[in-house]
Amino acid sequence: MAARDNLDPEGDNEGVDMNDPQIWTLIGVFAAAILGGFTVVITSLSRVIRAEVGGLRAEIGGLRGEVGSEIGGLRGEVGSEIGGLRSEVGAQIGGLRAEMLGEIGGLRGEIGGLRGEVAGLHARFDGLEKRMDHLDRDVQAITDRLWRGDRGA
């Protein structure tokens, strides 16, 4: 009864008297209830986290697919643009090549014409040279007549 006196110093204990085994049993029941509650909460929290992670994985997988298709589309667009630019540049180079060949052909024709004109000039110079030779011969003949004529007179 000394224990009872320590618990209820006034001595007016009207409640149920409990002994040590009952107290330990209540402590065990409360501990089991708390551990069971923690177990239920942790298990349900774990399930919720797993479900959310699964949902995130599905969303990430969907995003991967979308990003992959977008990248594929961009790759196709860039490839077609590059192909278009290649064909345009090729056409421009082909056009420039044709223009240059035409211009070179024109220059060759003009050079041929100049060669013909130079050949004509050569022929005229040859004619002038022959005339000069004849003129030189005639001047020599005139000079010989004049000099001979002055000597004999």
Side-chain angles (χ1 to χ4, degrees), residues 1-140:
M1 296 244 158
R4 185 183 294 169
D5 290 338
N6 288 341
L7 291 176
D8 191 10
E10 296 175 7
D12 61 347
N13 189 1
E14 296 176 9
V16 177
D17 290 335
M18 294 185 71
N19 56 20
D20 284 340
Q22 290 174 335
I23 293 173
W24 282 109
T25 301
L26 282 178
I27 291 173
V29 167
F30 285 135
I34 289 174
L35 286 176
F38 282 153
T39 302
V40 167
V41 169
I42 289 174
T43 303
S44 63
L45 184 64
S46 173
R47 287 182 182 166
V48 167
I49 289 174
R50 280 187 191 141
E52 291 298 321
V53 168
L56 285 174
R57 282 185 181 154
E59 285 185 35
I60 288 173
L63 287 175
R64 270 190 192 150
E66 288 179 27
V67 168
S69 66
E70 288 292 324
I71 289 174
L74 287 174
R75 185 176 288 148
E77 287 178 24
V78 168
S80 66
E81 287 293 324
I82 289 174
L85 286 174
R86 279 185 182 157
S87 64
E88 286 180 28
V89 168
Q92 291 291 329
I93 289 173
L96 287 173
R97 184 176 290 149
E99 286 181 37
M100 291 299 293
L101 289 175
E103 290 293 324
I104 289 172
L107 287 173
R108 283 183 178 160
E110 288 180 23
I111 289 172
L114 287 174
R115 283 184 180 157
E117 289 180 21
V118 168
L121 286 175
H122 278 293
R124 291 177 84 188
F125 282 133
D126 287 342
L128 284 175
E129 189 175 331
K130 287 179 185 178
R131 286 184 186 169
M132 290 295 282
D133 286 341
H134 291 292
L135 184 63
D136 188 36
R137 192 176 27 156
D138 291 342
V139 169
Q140 186 69 30

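Both backbone and side-chain heavy atoms feed into the values below; hydrogens, waters and symmetry mates do not.
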When rounded to the nearest 0.5 Å, the distance separating CG of Asn19 from CD of Gln22 is 4.0 Å
Taken to the nearest 0.5 Å, the spacing of Leu135 CG from Leu128 CG works out to 11.0 Å
Sequence neighbours left out, what passes side chain to side chain contact (heavy atoms under 4.5 Å, CB included) with [X]? Give chain and number order.
| X | result |
| --- | --- |
| Asp138 | none |
| Leu96 | none |
| Ile60 | Arg64 |

Report, one line per pair, each donor and acceptor closer than 3.5 Å where one atom sits in a side chain of residues 98-109; sequence neighbours left out.
none

Throw together a table of side-chain donor-acceptor distances under 3.5 angstrom for residues 37-47, partners on residues two or more places apart or in other chains.
unit_1: Thr39; atom_1: OG1; unit_2: Leu35; atom_2: O; d: 2.7
unit_1: Thr43; atom_1: OG1; unit_2: Thr39; atom_2: O; d: 2.7
unit_1: Ser44; atom_1: OG; unit_2: Val40; atom_2: O; d: 3.0
unit_1: Ser44; atom_1: OG; unit_2: Val41; atom_2: O; d: 3.0

Would you mind writing out the side-chain donor-acceptor pairs for residues 80-90 within the sub-3.5 Å range, not counting sequence neighbours?
unit_1: Ser80; atom_1: OG; unit_2: Gly76; atom_2: O; d: 3.3
unit_1: Ser80; atom_1: OG; unit_2: Glu77; atom_2: O; d: 2.8
unit_1: Ser87; atom_1: OG; unit_2: Gly83; atom_2: O; d: 3.4
unit_1: Ser87; atom_1: OG; unit_2: Gly84; atom_2: O; d: 2.7

